[in-house]
Protein chains: 2
Amino acid sequence: MRREFKKKSKILLIDDNYEHLAGIRELLNLEGTFDVVGIATNVTVGLNLIKKYQPDIVLLDMNMPERDGLQGIIEISKLDLGTKVLALSGYDDADLIFRAMKIGAKGYVLKTMASAQLIYAIEEVLNGKIYLPLALSSRFFEYFQQTFREESAAKENAEEEENLLNYLTQREEEVLELLTQGITYKGVANKLFISETTVKTHVNNIFQKLQVNDRTQAVLYAINNGFLTKKVKMAV
Amino acid sequence: MRREFKKKSKILLIDDNYEHLAGIRELLNLEGTFDVVGIATNVTVGLNLIKKYQPDIVLLDMNMPERDGLQGIIEISKLDLGTKVLALSGYDDADLIFRAMKIGAKGYVLKTMASAQLIYAIEEVLNGKIYLPLALSSRFFEYFQQTFREESAAKENAEEEENLLNYLTQREEEVLELLTQGITYKGVANKLFISETTVKTHVNNIFQKLQVNDRTQAVLYAINNGFLTKKVKMAV
DNA sequence: AAAGATATAGACCATATGGTGTATAAACAA
DNA sequence: TTGTTTATACACCATATGGTCTATATCTTT
């Protein structure tokens with residue numbers, strides 16, 4: 001009796017176009033190294049099949065009515081079965097690609113692409129890689145950079161204009177930090193082991209420096225000018 | 001006299017390794033379709049050459065001391081000459097790739113890659129495309145998805161646990177919105193054409209519903225629970 | 001018709017907050 | 001040594017804020 005050394009990878013297909021669904025199944029069966037454990041024409045059915053058969057990878061059509069592909073990716077990842085999702089779509093819509101990749105698709109291929117490329121994509125994803133064809137990654141990056149361009153432009157402006165927070169002394173920063181937590185003067189005094197009047201003095205100085213005239217505005221200024229993020233800031 | 005129909009693309013090279021610099025220059029000169037207008041071993045000199053020669057594309061080494069590659073990309077884009085930047089690096093450091101692409105590099109290639117691939121990358125970028133070799137885009141996406149995984153996990157939690165903001169009435173929301181702008185009760189009263197005591201009543205109800213006991217905490221709750229972003233929220 | 005939710009508004013009181021001025025000790029810079 | 005900055009602290013006072021209760025007019029829902 002022959003032992004099977006290489007277990008076939010379990011694949012599940014979800015696509016509202018049944019013709020296409022059947023076509024891919026044929027293709028994958030012919031290929032021989034895959035085991036198509038199920039097909040579904042909508043996400044709801046697909047999810048049940050995934051729970052039942054626990055496929056290694058799901059080929060998921062993005063352009064479906066009702067619960068669409070993006071939602072599908074989210075639902076599948078919520079199942080927490082480690083199922084990999086390879087997104088399929090008829091169009092190279094940059095926004096769709098971006099969102100799909102962002103929420104965790106392991107790859108994205110067009111239906112118009114050669115079957116060999118689909119097979120390759122599936123294999124790459126099964127090997128734990130993320131696969132996005134050059135043509136699509138190009139679209140992705142345009143969108144990606146455009147998205148961040150505005151963001152960084154805004155951030156730059158914010159950093160260009162002088163930040164009044166820089167004038168605060170060490171102690172004043174500590175006080176302000178506590179204020180941004182909604183703590184009362186008395187509370188601040190206790191936390192810092194100083195008297196309440198001292199806190200008031202610091203607070204007044206903070207108001208002067210930030211050119212505001214009450215707590216709320218000071219807190220808002222701090223939040224809007226990166227006071228909190230300074231300490232946490234990702235190096236992205 | 002022969003007319004030149006295809007103008008050679010102007011290229012500038014920046015790399016602190018002179019050997020490598022000279023090597024690439026040779027390669028590009030042999031290729032014949034490029035015109036290497038300058039080479040520099042640091043960003044400062046490079047910037048000056050860019051201003052002088054206005055190259056179409058800059059090959060920029062990422063791993064340089066002092067003003068490094070990332071900073072270089074930023075500086076170049078600040079010149080606002082539309083100069084395209086192709087990042088060069090010895091390593092496939094995911095973080096570096098991610099950051100370079102984020103701040104606008106048009107491509108990223110490894111020094112170890114075949115010269116044909118470098119030429120191809122340059123041509124793609126010159127044609128207005130963004131080029132990231134499959135091996136690198138794969139690294140990029142791993143990092144990209146990881147970065148967003150935590151973010152979306154946090155967001156999901158925030159949305160799962162019931163948001164006390166949902167209990168606010170229309171009017172209370174209006175009042176809260178004004179509070180988040182640091183406006184005083186009297187100010188709110190004037191803006192909404194109601195009496196100050198009415199504002200106080202609303203505010204007290206808001207405190208009850210949000211389970212806080214002062215303005216600052218209410219504002220913080222609102223900010224931390226997407227009160228403001230609800231209206232602006234990008235669909236990213 | 002009755003009950004409930006909402007927006008309005010007042011009284012009363014306690015406390016928190018903000019404004020201004022003054023003062024002292026320590027650390028530091030000119 | 002003198003002047004500056006910083007952290008500390010208090011007095012005094014005005015106003016803003018918050019807590020609780022009551023009350024009315026609409027409007028909706030049952």
Side-chain angles (χ1 to χ4, degrees), chain A residues 161-228 230-231, chain B residues 161-228 230-231:
Chain A
E161 68 187 39
E162 78 174 344
N163 195 331
L164 298 177
L165 291 170
N166 295 330
Y167 296 134
L168 297 184
T169 68
Q170 195 77 35
R171 202 54 160 169
E172 285 161 358
E173 281 189 3
E174 294 178 55
V175 173
L176 179 55
E177 188 173 349
L178 294 174
L179 288 192
T180 62
Q181 291 167 31
I183 299 177
T184 177
Y185 289 176
K186 200 176 308 220
V188 175
N190 288 332
K191 289 228 174 197
L192 298 183
F193 301 107
I194 55 182
S195 86
E196 200 180 331
T197 60
T198 303
V199 175
K200 287 174 62 174
T201 308
H202 286 311
V203 170
N204 269 298
N205 290 333
I206 292 171
F207 289 169
Q208 299 285 322
K209 291 183 178 178
L210 300 189
Q211 295 167 22
V212 299
N213 33 40
D214 63 48
R215 285 175 71 105
T216 312
Q217 289 177 0
V219 169
L220 289 171
Y221 186 94
I223 290 174
N224 292 328
N225 293 81
F227 180 70
L228 299 172
K230 255 181 197 164
K231 295 148 205 273
Chain B
E161 69 188 37
E162 77 175 342
N163 195 331
L164 298 177
L165 289 170
N166 295 330
Y167 296 134
L168 298 184
T169 68
Q170 195 77 35
R171 202 55 161 170
E172 286 161 358
E173 282 189 2
E174 293 178 55
V175 173
L176 179 55
E177 188 173 349
L178 294 174
L179 288 191
T180 62
Q181 292 166 31
I183 299 176
T184 177
Y185 289 176
K186 200 175 309 222
V188 174
N190 288 332
K191 289 227 174 199
L192 298 183
F193 302 108
I194 55 181
S195 87
E196 200 179 331
T197 59
T198 303
V199 174
K200 287 175 62 174
T201 307
H202 285 312
V203 170
N204 269 299
N205 290 334
I206 292 171
F207 290 168
Q208 298 287 321
K209 291 183 178 177
L210 301 188
Q211 296 167 22
V212 299
N213 33 39
D214 62 48
R215 286 177 68 105
T216 312
Q217 289 178 1
V219 169
L220 289 171
Y221 185 93
I223 291 174
N224 292 329
N225 291 82
F227 180 70
L228 300 172
K230 257 182 195 166
K231 296 148 206 271

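So that the names make sense, note that chain A is the first sequence line, chain B the second, and so on, each numbered from 1. Here the structure is a predicted model, which means the values were calculated and not measured.
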Could you state the NZ-C1' distance from B:Lys191 to C:dT8, rounded to the nearest angstrom?
21 Å

Identify all side-chain donor-acceptor contacts of residues 204-212 of chain B below 3.5 Å with residues at least two apart in sequence or on another chain.
from     : atom 1 : to       : atom 2 : distance (Å)
B:Asn204 : ND2    : B:Lys200 : O      : 3.1
B:Asn205 : ND2    : B:Thr201 : O      : 3.3
B:Lys209 : NZ     : B:Tyr167 : O      : 3.1
B:Lys209 : NZ     : B:Glu172 : OE1    : 2.8
B:Lys209 : NZ     : B:Glu172 : OE2    : 3.4

Separation of D:dG18 C1' from B:Leu179 CG (nearest whole Å)
13 Å

Atom pair CD1 (A:Ile194) and NE2 (A:His202), whose distance is rounded to the nearest 0.5 Å:
4.5 Å

Distance below 4.0 Å between A:Asn204 side-chain N/O and C:dG19 OP1 or OP2
yes

Please examine the side chains of A:Ile223 and B:Leu220, heavy atoms only from C-beta on, and report whether any two atoms are closer than 4.5 Å.
yes

Rounded to whole angstrom units, what separation is found between the OH atom of B:Tyr185 and the C1' atom of C:dG10?
17 Å

Separation of C:dT8 atom C1' from B:Glu174 atom CD, nearest Å, is 14 Å

What is the distance from CG of A:Leu168 to P of D:dT6, rounded to the nearest Å?
10 Å

Using a 4.0 Å cut-off on heavy atoms, which residues in residues 193-201 of chain A reach DNA chain C? List them by number, or say none.
A:Lys200

NZ (B:Lys191) and CD1 (B:Ile183) are apart, to the nearest 0.5 Å, by 4.5 Å

Measure from the side-chain heavy atoms of B:Phe207 and tell me the nearest of D:dA16, C:dA7, D:dG18.
D:dG18

B:Glu174: partners by side-chain hydrogen bond (donor to acceptor under 3.5 Å, both in side chains), with sequence neighbours left out:
B:Arg171

Starting at CG of B:Leu176 and ending at C1' of D:dG18, how long is that distance when rounded to a whole Å?
16 Å

Can you tell me the distance, in whole Å, between the CG atom of A:Asn205 and the P atom of C:dG21?
13 Å

CA sep, side-chain torsions, deciding dist, call: A:Leu176, A:Glu173, side chain to side chain contact (heavy atoms under 4.5 Å, CB included)
CA-CA 5 Å; A:Leu176 179 55; A:Glu173 281 189 3; 5.6 Å; no

May I ask you to evaluate whether A:Arg215 reaches the phosphate of C:dT17, defined as a side-chain N or O under 4.0 Å from OP1 or OP2?
yes

To the nearest 10 degrees, how far apart in direction are the end axes of the helix from C:dA1-D:dT30 to C:dA30-D:dT1, each fit to five base pairs?
40°

Below the 4.0 Å mark, does D:dG18 have OP1 or OP2 next to a side-chain nitrogen or oxygen of B:Asn213?
no

Would you please name every residue forming a side-chain hydrogen bond (donor to acceptor under 3.5 Å, both in side chains) with A:Thr184, sequence neighbours left out?
none

Once side-chain hydrogen bond (donor to acceptor under 3.5 Å, both in side chains) is applied, do any residues pair with B:Thr197, and if so which ones, sequence neighbours excluded?
B:Ser195

Let me know the distance between CD of B:Gln211 and C1' of D:dG18, rounded to the nearest Å.
17 Å

When rounded to the nearest 0.5 Å, the distance separating CG of B:Asn190 from CD of B:Glu196 is 8.5 Å

